[in-house]
Protein chains: 2
Amino acid sequence: MSNSKIISVLKDRGLKVTPQRIAVLDALYSTNEHPSAEKLIDIVRRNNPHIAKGTIYKILDFFIESGLVKKVHSAGDRMRYDAFTERHHHLYSLDTDRIEDYHDEELNAILEEYFKKRSIPHFRIEDIQLHIKGKFIE
Amino acid sequence: MSNSKIISVLKDRGLKVTPQRIAVLDALYSTNEHPSAEKLIDIVRRNNPHIAKGTIYKILDFFIESGLVKKVHSAGDRMRYDAFTERHHHLYSLDTDRIEDYHDEELNAILEEYFKKRSIPHFRIEDIQLHIKGKFIE
DNA sequence: GTCTTAAATAAGAACGAGTCTTATTTGAAA
DNA sequence: TTTCAAATAAGACTCGTTCTTATTTAAGAC
């Protein structure tokens with residue numbers, strides 16, 4: 001994604017634009033592998049070697065509050081991030097730390113239908129995601 | 001669950017029975033709050049103050065390999081564990097670290113049906129779990 | 001363009017959940 | 001009861017993440 005588009009993403013939401021935020025958002029949009037913070041720091045520093053580690057963690061938290069980024073639920077020991085905000089699901093490798101997107105409108109419709117007629121006592125649903133665990137075969 | 005039943009769980013699977021394993025399994029069966037390892041260590045040490053932290057982590061890994069326990073995918077900074085092995089789903093609080101079970105046969109059937117007719121290229125599914133995120137209201 | 005200031009960042013120390021190491025103990029088969 | 005591979009205790013260590021403090025900066029006001 002071009003820099004000017006990334007700037008628009010921030011500006012349109014009334015968020016302050018900084019070179020560091022642009023770099024982090026660019027790194028997130030440039031990959032679909034749901035990177036860990038450490039991986040993201042690597043990517044960011046290819047073009048911006050001076051950006052501080054703590055800054056990137058702080059920016060990630062800020063993006064999460066702002067709704068630009070979501071944490072990916074996982075069983076690993078490091079947090080994973082996802083900047084693809086449309087409703088989608090994930091495939092989890094049981095062998096490796098690979099996590100891929102799974103997107104299907106029919107599935108979304110089925111889930112929508114199911115939860116429309118069935119409310120959960122004492123719980124207000126805000127988001128639903130399927131975790132599909134298994135093995136990638138090449 | 002009684003001690004003799006817990007011993008049976010281990011014996012029936014051909015697993016070595018130790019006081020430490022009994023204590024950890026007992027702690028897991030005594031709560032449905034999907035405890036972190038640290039929380040579990042607290043529970044275990046109420047009755048067995050001498051059991052080492054590393055031992056409990058090692059036992060948890062062993063139980064996971066043995067299929068007695070599953071890791072719960074989460075966005076938090078600590079791993080959570082679940083000894084309820086029937087197919088079920090989870091409710092996640094967006095405010096707190098609360099995670100509750102959600103169990104419904106109709107939902108399982110719907111998912112079964114959906115994935116029966118739709119295979120995912122290059123992926124062999126082994127387990128499917130719904131993450132329902134939202135807010136608990138009292 | 002310049003000023004102003006709250007907010008953002010740099011640098012690295014600190015924290016803590018989870019892992020590793022080594023000596024000791026033990027479950028359970030023979 | 002003997003034997004020994006496996007399990008445990010104790011605590012040092014790792015490293016992903018957070019915190020602290022001084023410095024810099026984005027962007028609104030003038």
Side-chain angles (χ1 to χ4, degrees), chain A residues 3-4 6-27 34-45 47-66 68-69 71-81 97, chain B residues 3-4 6-27 34-45 47-66 68-69 71-81 97:
Chain A
N3 257 34
S4 60
I6 290 170
I7 290 170
S8 295
V9 170
L10 294 168
K11 276 233 170 89
D12 291 353
R13 300 184 179 230
L15 306 177
K16 192 183 274 191
V17 177
T18 71
Q20 293 84 350
R21 286 181 180 179
I22 294 169
V24 172
L25 212 43
D26 189 31
H34 314 86
S36 65
E38 293 290 323
K39 178 76 186 165
L40 211 51
I41 290 168
D42 282 350
I43 299 172
V44 166
R45 284 187 173 164
N47 297 315
N48 306 271
H50 47 79
I51 296 185
K53 189 173 59 164
T55 299
I56 295 178
Y57 278 102
K58 208 151 172 297
I59 287 174
L60 284 169
D61 285 347
F62 172 76
F63 283 167
I64 286 163
E65 271 179 56
S66 309
L68 284 175
V69 170
K71 286 186 175 183
V72 177
H73 281 203
S74 83
D77 51 353
R78 18 183 121 176
M79 193 50 50
R80 305 282 290 265
Y81 299 89
D97 62 1
Chain B
N3 257 35
S4 59
I6 290 169
I7 290 171
S8 297
V9 170
L10 293 167
K11 275 233 170 89
D12 292 354
R13 300 185 179 229
L15 307 176
K16 193 182 273 190
V17 177
T18 72
Q20 292 84 350
R21 287 180 180 179
I22 295 169
V24 172
L25 213 43
D26 189 32
H34 313 85
S36 65
E38 291 292 320
K39 178 76 187 167
L40 211 50
I41 290 169
D42 283 350
I43 298 172
V44 165
R45 285 187 173 163
N47 298 315
N48 306 272
H50 47 79
I51 296 184
K53 185 175 63 163
T55 300
I56 295 178
Y57 278 102
K58 208 150 170 296
I59 287 174
L60 284 170
D61 285 346
F62 172 77
F63 283 167
I64 286 163
E65 271 179 56
S66 309
L68 285 174
V69 170
K71 286 186 175 183
V72 177
H73 281 202
S74 83
D77 52 352
R78 18 184 121 178
M79 193 48 52
R80 305 282 290 264
Y81 299 89
D97 62 1

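Sequence lines set the chain letters: A, B, ... in the order given, protein chains first and strands last, and positions in each chain run from 1.
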Tell me the interatomic distance from [X], atom [atom1], to [N], atom [atom2], rounded to whole angstroms.
| X | N | atom1 | atom2 | answer |
| --- | --- | --- | --- | --- |
| A:Lys16 | C:dT5 | NZ | P | 14 Å |
| A:Ile22 | D:dT25 | CD1 | C1' | 13 Å |
| A:Lys39 | D:dT17 | NZ | C1' | 19 Å |
| B:Ile41 | C:dT19 | CD1 | P | 11 Å |
| B:Arg21 | C:dT26 | CZ | P | 15 Å |
| B:Asp77 | D:dT14 | CG | P | 22 Å |
| A:Leu15 | D:dG28 | CG | P | 13 Å |
| B:Ile51 | C:dT26 | CD1 | P | 13 Å |

Any side-chain heavy-atom pair from [X] and [Y] closer than 4.5 angstrom?
| X | Y | value |
| --- | --- | --- |
| A:Asp97 | A:Arg80 | yes |
| A:Tyr81 | A:His34 | no |
| B:Lys53 | B:Arg45 | yes |
| B:Ile41 | B:Tyr57 | yes |

Between [X] and [N], is there a contact of a side-chain N or O with OP1 or OP2 at under 4.0 Å?
| X | N | value |
| --- | --- | --- |
| A:Arg78 | D:dT17 | no |
| B:Thr55 | D:dA9 | yes |
| B:Tyr57 | C:dT19 | no |
| B:Thr18 | D:dT8 | yes |

Can you see which heavy atom on B:Asn48 is nearest to which on B:Ala23, and at what distance?
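For B:Asn48 versus B:Ala23, the nearest heavy atoms are ND2-CB, 3.6 Å.
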Closest heavy-atom pair and its distance - A:Met79, B:Gly76:
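Taking A:Met79 first and B:Gly76 second, the nearest heavy atoms are CE-O, 3.3 Å.
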So for the helix from C:dG1-D:dC30 to C:dA30-D:dT1, with five pairs setting each end axis, what is the inter-axis angle to 10°?
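For the helix from C:dG1-D:dC30 to C:dA30-D:dT1, the axes at opposite ends meet at about 40°.
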So if I take every side-chain heavy atom of A:Asp61 and compare against D:dT18, D:dT8, C:dT19, which nucleotide ends up nearest?
D:dT18
Toward the 5' end of DNA chain C, by each residue's nearest nucleotide, B:Gln20 or B:Met79
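Nearest-nucleotide comparison on DNA chain C picks B:Met79.
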Kindly list each side-chain donor-acceptor pair under 3.5 angstrom involving residues 8-16 of chain A, sequence neighbours excluded, with atom names and distances?
| residue | atom | partner | partner atom | Å |
| --- | --- | --- | --- | --- |
| A:Ser8 | OG | A:Ser4 | O | 3.0 |
| A:Arg13 | NH1 | A:Ser66 | O | 3.3 |

Along DNA chain D (nearest heavy atom to each residue), the more 5'-positioned of B:Ile59 and A:Lys53:
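Nearest-nucleotide comparison on DNA chain D picks B:Ile59.
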